[in-house]
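Notes for the one structure printed next.
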Amino acid sequence: LAGMLLTNFCLSLGSLGLTAEREEGTWEQTLALPVTVVELVLGKVAPAVVICYALLGLSIVGPGLAFGLWPRGSVLALAVLTLPYVLASLGLAVFISTIARTVAQGVFITVFAIMPSFVLSGVMMPYQLMPTVPRWIGALSPLRWYQIGSRRIYSRGGGLADVWVPMVVLSAMFLFFLWLTSRRTR
């Protein structure tokens, strides 16, 4: 639940915000500020990270109270795992905003990023049951790695030691999207 909520929120907010600024003509004024593109992107992303943690809390407490589904593992590990996931998702969204010329285009591209990530990440069906090529494509989605880590925490009672690989992959994805975004906005 948390992964799907965060994916929808991050991709929708991140991709449409900057595209709307470009449409309104304020993006050029923002680029004229004495900051680097990386600082600009991090400044745009920081408020969304706070909201994402509120969504994470809601996605833990809601099923916990309604159905008794509480994480078996460390909630701290889940919170730590969530940061690189949210940053990678927002990084993808900001990269989408550098491609889209209009808000409508941004919505279109975002939908085509969200839907395959749900199907190929292992949220709807275990990725181990997928054919090889779709499994490889799904590995490019931040949601896949967040799903792996969150299942280790929720189902298996894992902690930080159990989710370090997904955290490293998600951090690398964030840095890659940040690099792509800085290349596109020069």
Side-chain angles (χ1 to χ4, degrees), residues 1-19 38 41-42 44-46 48-49 51-56 58-60 63 71 73 77-100 105-156 158 160 162-184:
L1 176 65
M4 294 176 78
L5 278 174
L6 294 173
T7 297
N8 273 327
F9 179 76
C10 291
L11 289 180
S12 299
L13 179 73
S15 65
L16 300 181
L18 297 178
T19 307
V38 172
V41 169
L42 291 176
K44 295 284 184 185
V45 163
V49 171
I51 297 170
C52 286
Y53 273 102
L55 281 174
L56 176 65
L58 182 68
S59 69
I60 292 173
L78 186 61
V80 171
L81 172 69
T82 299
L83 182 62
Y85 171 67
V86 165
L87 291 175
S89 296
L90 288 169
L92 173 60
V94 171
F95 176 67
I96 289 171
S97 75
T98 65
I99 296 170
Q105 232 179 11
V107 169
F108 188 75
I109 295 170
T110 299
V111 167
F112 277 98
I114 290 173
M115 294 313 291
S117 74
F118 284 173
V119 174
L120 299 175
S121 67
V123 172
M124 295 188 174
M125 88 179 230
Y127 68 90
Q128 296 91 340
L129 300 178
M130 294 180 193
T132 304
V133 174
R135 191 178 321 149
W136 290 343
I137 294 169
L140 300 174
S141 167
L143 184 56
R144 157 78 64 84
W145 296 98
Y146 186 70
Q147 198 63 23
I148 290 170
S150 63
R151 280 190 179 153
R152 288 179 183 171
I153 292 168
Y154 256 89
S155 302
R156 299 180 191 163
L160 282 173
D162 300 307
V163 296
W164 72 270
V165 172
M167 285 176 28
V168 168
V169 172
L170 289 167
S171 299
M173 286 180 170
F174 170 62
L175 293 174
F176 178 70
F177 290 132
L178 195 59
W179 176 78
L180 280 177
T181 300
S182 68
R183 301 289 297 168
R184 294 252 333 145

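One-based numbering along the sequence shown.
- You'll find the side chain of Leu160 reaches within 4.5 Å of the side chain of Met167, heavy atoms only.
- With values rounded to the nearest 0.5 angstrom, Ile114 atom CD1 is found 10.0 Å from Met4 atom CE.
- Pairs passing the side-chain hydrogen bond (donor to acceptor under 3.5 Å, both in side chains) check and including a residue from residues 4-17, sequence neighbours excluded, read Thr7-Tyr85, Ser15-Thr110.
- Pro116 places none of its side-chain heavy atoms less than 4.5 Å from the side chain of Ser141.
- Applying the side chain to side chain contact (heavy atoms under 4.5 Å, CB included) test to Ile60 and every residue at least two apart in sequence or in another chain returns Leu56, Trp70, Pro71, Val75, Leu78, Tyr154.
- Considering only residues two or more places apart in sequence or on other chains, Leu5 meets the side chain to side chain contact (heavy atoms under 4.5 Å, CB included) condition with Leu1, Ser59.
- Residues passing the side chain to side chain contact (heavy atoms under 4.5 Å, CB included) test with Val168 are Trp164, sequence neighbours excluded.
- The line from CG of Leu92 to CD1 of Ile109 is 10.5 Å long, rounded to the nearest 0.5 Å.
- Note that CZ of Phe9 and OG of Ser89 are 11.5 Å apart. Values are rounded to the nearest 0.5 Å.
- With sequence neighbours excluded, the residues forming a side chain to side chain donor-acceptor pair (under 3.5 Å) with Thr82 are Tyr146, listed by chain and number.
- Considering Thr181, Thr19, Leu42, Leu178 as possible partners of Val94, the one that fulfils the side chain to side chain contact (heavy atoms under 4.5 Å, CB included) test is Thr181.
- Summarising the geometry, atom OG belonging to Ser117 is positioned 13.0 Å from atom CD1 belonging to Ile137; distances are rounded to the nearest 0.5 Å.
- Separating the CG atom in Leu13 from the CG atom in Leu90 is a distance of 7.0 Å, to the nearest 0.5 Å.
- Pairs engaging residues 121-136 under the side-chain hydrogen bond (donor to acceptor under 3.5 Å, both in side chains) rule: none recorded [sequence neighbours left out].
- With sequence neighbours excluded, the residues forming a side chain to side chain contact (heavy atoms under 4.5 Å, CB included) with Leu180 are Phe95, Phe176, Phe177, listed by chain and number.
- Scanning both residues, Gln147 and Val123, for their nearest heavy atoms gives OE1-CG2, 3.5 Å.
- Contact check for Val86 versus Cys10: side-chain heavy atoms found under the 4.5 Å cut-off.
- No side-chain heavy atom of Val163 sits less than 4.5 Å from a side-chain heavy atom of Val80.
- With rounding to the nearest 0.5 Å, the separation of CZ in Arg152 from CG in Leu81 is 10.0 Å.
- Judged as a ring-ring contact (aromatic ring centres under 6.0 Å, His included), and not counting sequence neighbours, the contacts of Phe108 are Phe112.
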